**Student:** 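Would you mind keeping the following structure in view while I ask a few things?
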Amino acid sequence: MSGALSAEVALRRGTLALDVALTVDAGETVAVVGPNGAGKTTLLRALAGLVPLDRGRVAIGDDVLEVAPDGPRVAPEHRNISVVFQDYSLFPSMSVRDNVAFGLRARRVGATEAAATATAWLERVGLADVADLRPGALSGGQAQRVALARALAVEPRLLLLDEPLAALDAATRGETRRHLGRHLDGLDAPRLVVTHDPVDAFALASHIIVVEDGAVVQTGTSTELAERPRSGYVAAFVGVNLYRGRGDGGVVDVGGVALHVPDATSGDVFAVVHPHSVALHREVPGGSPRNAWSGTVDSVEHAGSRVRVRVSGDLPMVAEVTSGAADELRLADGGRVWVSVKATDIAVYPA
């Protein structure tokens, strides 16, 4: 049984100043998300020992792997940490079986035992029939599972995955995500997954860490992040509209636009509006709703039976409507629309 990962990672690389503290329990999968250049991959490389810390500490259970700047530092090859990179990094000249056995052989496991373990892992990921092929003959989903089998065959104390599904097409991604989730759930070690995809984060991880500009800006479950996002990136990631303004009674001033909310507020606050709570109209909405603004349709994105509509204006907003409503309103034609939101559909909390 592996222990929990406990890490404080502080280092500078070029313009990036990374300063992140995190804990991942044994048997837990945590997702690390954030915009490009936030430091996500650098964090994984630091935990694996591929990038030295300027300051901090990395431990798994009772074993301290690194203390910087003046403490001990375990070399990467002795940390028993497996990393699955975005490109999978399979050796093209080796068979699939030999790729999976590579880590075991590097640990001086005998050839026969390593091959048997590799074969067993290929059976577990459903790829025993491709054991003698070269990686170039595999599909993207198969290559991902081979990389995972290689990572797990050494029984790592920590598993790090860097955008493990990013290279897959949409048709392959869903099935491979299910395979990956099933194998992660069966692993005792802590797992850390870097991803830019909300679906991957929500499906694979029990907890999400958001990193922006090298620092943790928010942590929580997908539900907690959706209910109270604390940055524009987080709001976009979970798919909600987020505004920061000044509360005064039942009104929040957002850049000069009065947003009527259900409860009395004061001071700096965030206001969240879910896209499905936004109504769109081609004419001024009847009933004189207090939250109604005009805007211009910027984009229309179809997702199954739902349509996400981005509206620019004094209060930019994303709405989600049915495909029938989008057709009836001729939203694909663009142009001017009216946006309305009930005050009771707006959540407000301190900034």
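Only a predicted model underlies this, so the values are computations on that prediction, with no experimental measurement involved.
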**Student:** Would you tell me whether H207 and E28 have side-chain atoms, one donor and one acceptor, within less than 3.5 Å of each other?
**Tutor:**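 No, E28 and H207 have no side-chain donor paired with an acceptor closer than 3.5 Å.
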**Student:** Is any NZ, NE, NH1 or NH2 atom of the basic residue among D19 and R55 found under 4.0 Å from an Asp or Glu carboxylate oxygen of the other?
**Tutor:** yes
**Student:** How long is the straight-line distance from CG of L192 back to OG1 of T29, given to the nearest 0.5 Å?
**Tutor:**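 So the OG1 of T29 and the CG of L192 are separated by 9.0 Å.
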**Student:** Where the side chain of N99 meets the backbone of S95, is there a donor-acceptor pair that is under 3.5 Å apart?
**Tutor:** yes
**Student:** Please identify each residue that fulfils side-chain hydrogen bond (donor to acceptor under 3.5 Å, both in side chains) with R97, with sequence neighbours left out.
**Tutor:** T119, D132
**Student:** What are the two closest non-hydrogen atoms of P135 and M94, and how far apart are they?
**Tutor:** CD-O, 3.1 Å
**Student:** Would you please test V341 and W293 for side chain to side chain contact (heavy atoms under 4.5 Å, CB included) and show each step?
**Tutor:** CA-CA 9 Å; V341 180; W293 315 271; 4.1 Å; yes
**Student:** Heavy-atom count around E301 CD within 6.0 Å, excluding the residue itself: above 12?
**Tutor:** yes
**Student:** Run S89 and R150 through side chain to side chain contact (heavy atoms under 4.5 Å, CB included) and show every step you take.
**Tutor:** CA-CA 11 Å; S89 299; R150 181 175 64 183; 4.2 Å; yes
**Student:** For F102, which residues count as a ring pair (Phe, Tyr, Trp, His ring centres under 6.0 Å) partner, sequence neighbours excluded?
**Tutor:**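 F102 satisfies ring pair (Phe, Tyr, Trp, His ring centres under 6.0 Å) with F91 once adjacent residues are dropped.
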**Student:** Are D197 and T195 linked by a side-chain donor-acceptor pair shorter than 3.5 Å?
**Tutor:** no
**Student:** Among the clusters formed by ILVMFWY side chains lying less than 4.5 Å apart, do V32 and F202 turn up in the same one?
**Tutor:** no
**Student:** Would you find a donor on one side and an acceptor on the other, under 3.5 Å apart, between the side chain of R191 and the backbone of V30?
**Tutor:** no
**Student:** Other residues, nucleotides and ligands only: do more than 12 of their heavy atoms fall within 6.0 Å of CG on D129?
**Tutor:** yes
**Student:** Does the side chain of V58 come within less than 4.5 Å of L5's, by heavy atoms?
**Tutor:**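 Yes, side chains in contact.
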**Student:** Compare all side-chain heavy atoms of Y349 with those of P229 and state whether any distance is below 4.5 angstrom.
**Tutor:** yes
**Student:** Please name the residue in the list D63, D188, D62 that meets the salt bridge (charged side-chain N to carboxylate O under 4.0 Å, His left out) test with R157.
**Tutor:**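 Of the listed options, the one satisfying the test is D63.
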**Student:** Is the shortest distance from a Lys or Arg side-chain nitrogen in R79 or E66 to a carboxylate oxygen in the other one below 4.0 Å?
**Tutor:** yes
**Student:** Check A166 against H196 and note the closest heavy-atom contact, atom names and distance.
**Tutor:** CB-CE1, 4.1 Å
**Student:** Roughly how far apart are K40 NZ and L18 CG, rounded to 0.5 Å?
**Tutor:** 11.0 Å
**Student:** With F85, which residues qualify under ring pair (Phe, Tyr, Trp, His ring centres under 6.0 Å), at least two apart?
**Tutor:**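 F85 satisfies ring pair (Phe, Tyr, Trp, His ring centres under 6.0 Å) with no other residue.
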**Student:** With side chain to side chain contact (heavy atoms under 4.5 Å, CB included) as the test, would you mind laying out the steps for L43 and L22 before giving the verdict?
**Tutor:** CA-CA 11 Å; L43 172 63; L22 58 86; 3.8 Å; yes
**Student:** With a cut-off of 3.5 Å and sequence neighbours excluded, list every side-chain donor-acceptor pair involving residues 311-326.
**Tutor:**
{"residue": "S312", "atom": "OG", "partner": "T296", "partner atom": "O", "Å": "3.4"}
{"residue": "S312", "atom": "OG", "partner": "D298", "partner atom": "OD1", "Å": "3.3"}
{"residue": "S312", "atom": "OG", "partner": "D298", "partner atom": "OD2", "Å": "3.4"}
{"residue": "E320", "atom": "OE2", "partner": "R306", "partner atom": "NE", "Å": "3.2"}
{"residue": "T322", "atom": "OG1", "partner": "A325", "partner atom": "N", "Å": "3.0"}

**Student:** Rounded to the nearest 0.5 Å, how far does CG of L158 lie from CD1 of I81?
**Tutor:** 4.5 Å
**Student:** Taking distance alone, no hydrogens or angles, what donor-acceptor pairs closer than 3.5 Å link side-chain atoms of residues 209-221 to residues at least two apart or in another chain?
**Tutor:**
{"residue": "E212", "atom": "OE2", "partner": "S231", "partner atom": "OG", "Å": "2.6"}
{"residue": "Q218", "atom": "OE1", "partner": "R230", "partner atom": "N", "Å": "2.9"}
{"residue": "Q218", "atom": "NE2", "partner": "R228", "partner atom": "O", "Å": "2.7"}
{"residue": "T221", "atom": "OG1", "partner": "E224", "partner atom": "N", "Å": "3.1"}

**Student:** Is the CG atom of D185 crowded by more than 12 outside heavy atoms at less than 6.0 Å?
**Tutor:** yes
**Student:** Which atom pair, heavy atoms only, marks the closest approach of A115 to A101?
**Tutor:**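 Reported closest heavy-atom pair: N-CB, 4.5 Å.
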**Student:** So which heavy atom on A114 is nearest to which on R105, and how close?
**Tutor:** CB-CD, 3.6 Å
**Student:** H179 and side chain to side chain donor-acceptor pair (under 3.5 Å): which single residue from R177, H183, R182 fits?
**Tutor:** R182
**Student:** I need the S294 OG to E283 CD distance, nearest 0.5 Å.
**Tutor:**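 Answer rounded to 0.5 Å: 12.0 Å.
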**Student:** To the nearest 0.5 angstrom, please state how far the CZ atom of R173 sits from the CZ atom of R178.
**Tutor:**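 If we round to the nearest 0.5 Å, R173:CZ and R178:CZ are 13.0 Å apart.
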**Student:** Should the pair R57-E8 be classified as a salt bridge under the 4.0 Å nitrogen-to-oxygen rule?
**Tutor:** no
**Student:** Measuring only between side-chain heavy atoms, which start at C-beta, is I208 closer than 4.5 Å to L225?
**Tutor:** yes
**Student:** Any side-chain heavy atom of V194 sitting closer than 4.5 Å to one from L160?
**Tutor:** no
**Student:** Of all heavy-atom pairs between S340 and P285, which one has the smallest distance, and what is that distance?
**Tutor:**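 Nearest pair, atom of S340 first, then P285: CB-CG, 4.4 Å.
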**Student:** Honestly curious: do V307 and L329 fall in one hydrophobic cluster under the side-chain, below-4.5 Å linking rule?
**Tutor:**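 Same cluster.
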**Student:** Please set out all donor-acceptor pairs under 3.5 angstrom arising from side-chain atoms of residues 251-279, sequence neighbours excluded.
**Tutor:**
{"residue": "D253", "atom": "OD1", "partner": "G256", "partner atom": "N", "Å": "3.0"}
{"residue": "T265", "atom": "OG1", "partner": "G249", "partner atom": "O", "Å": "3.2"}
{"residue": "D268", "atom": "OD1", "partner": "R246", "partner atom": "NH1", "Å": "3.1"}

**Student:** By the rule that ILVMFWY residues connect when side-chain heavy atoms come within less than 4.5 angstrom, directly or transitively, which residues belong alongside L184?
**Tutor:**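 Joined to L184, directly or through intermediates: V84, Y88, L90, V96, V100, W121, L122, V125, L127, V130, L133, L138, V146, L148, L152, L159, L161, L165, L168, L180, L187, V193, L204.
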**Student:** Taking transitive links into account, so neighbours of neighbours count too, which hydrophobic residues share a cluster with V67 at under 4.5 Å side-chain distance?
**Tutor:**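 V67 shares its hydrophobic cluster with V64.
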**Student:** Would L53 and V9 satisfy side chain to side chain contact (heavy atoms under 4.5 Å, CB included), going step by step from the backbone distance to the final call?
**Tutor:** CA-CA 6 Å; L53 305 183; V9 175; 3.6 Å; yes
**Student:** Is there a side-chain contact between V297 and R330 in this structure, where contact means two heavy atoms from C-beta onward sitting under 4.5 Å apart?
**Tutor:**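 SC-SC contact between V297 and R330 ruled out.
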**Student:** How long is the span from the CD atom in E77 to the CG atom in L50, to the nearest 0.5 Å?
**Tutor:**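 Between E77 CD and L50 CG, I get 9.5 Å after rounding to 0.5 Å.
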**Student:** Taking side-chain hydrogen bond (donor to acceptor under 3.5 Å, both in side chains) as the test, write out the residues that go with R12, two or more places apart.
**Tutor:** none
**Student:** Give every residue pair that meets the ring-ring contact (aromatic ring centres under 6.0 Å, His included) criterion with at least one member in residues 33-66, sequence neighbours excluded.
**Tutor:** none
**Student:** Provide the closest heavy-atom pair for A31 versus A205 in the form atom of the first, atom of the second, distance.
**Tutor:** N-CB, 3.5 Å
**Student:** Which residues pass the side-chain hydrogen bond (donor to acceptor under 3.5 Å, both in side chains) test with R45, sequence neighbours left out?
**Tutor:**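 Testing R45 for side-chain hydrogen bond (donor to acceptor under 3.5 Å, both in side chains), a comparison that skips the adjacent residues, returns none.
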**Student:** In the hydrophobic cluster built from side-chain contacts under 4.5 Å, what are the other members alongside V109?
**Tutor:**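 Same cluster as V109: L104, V154.
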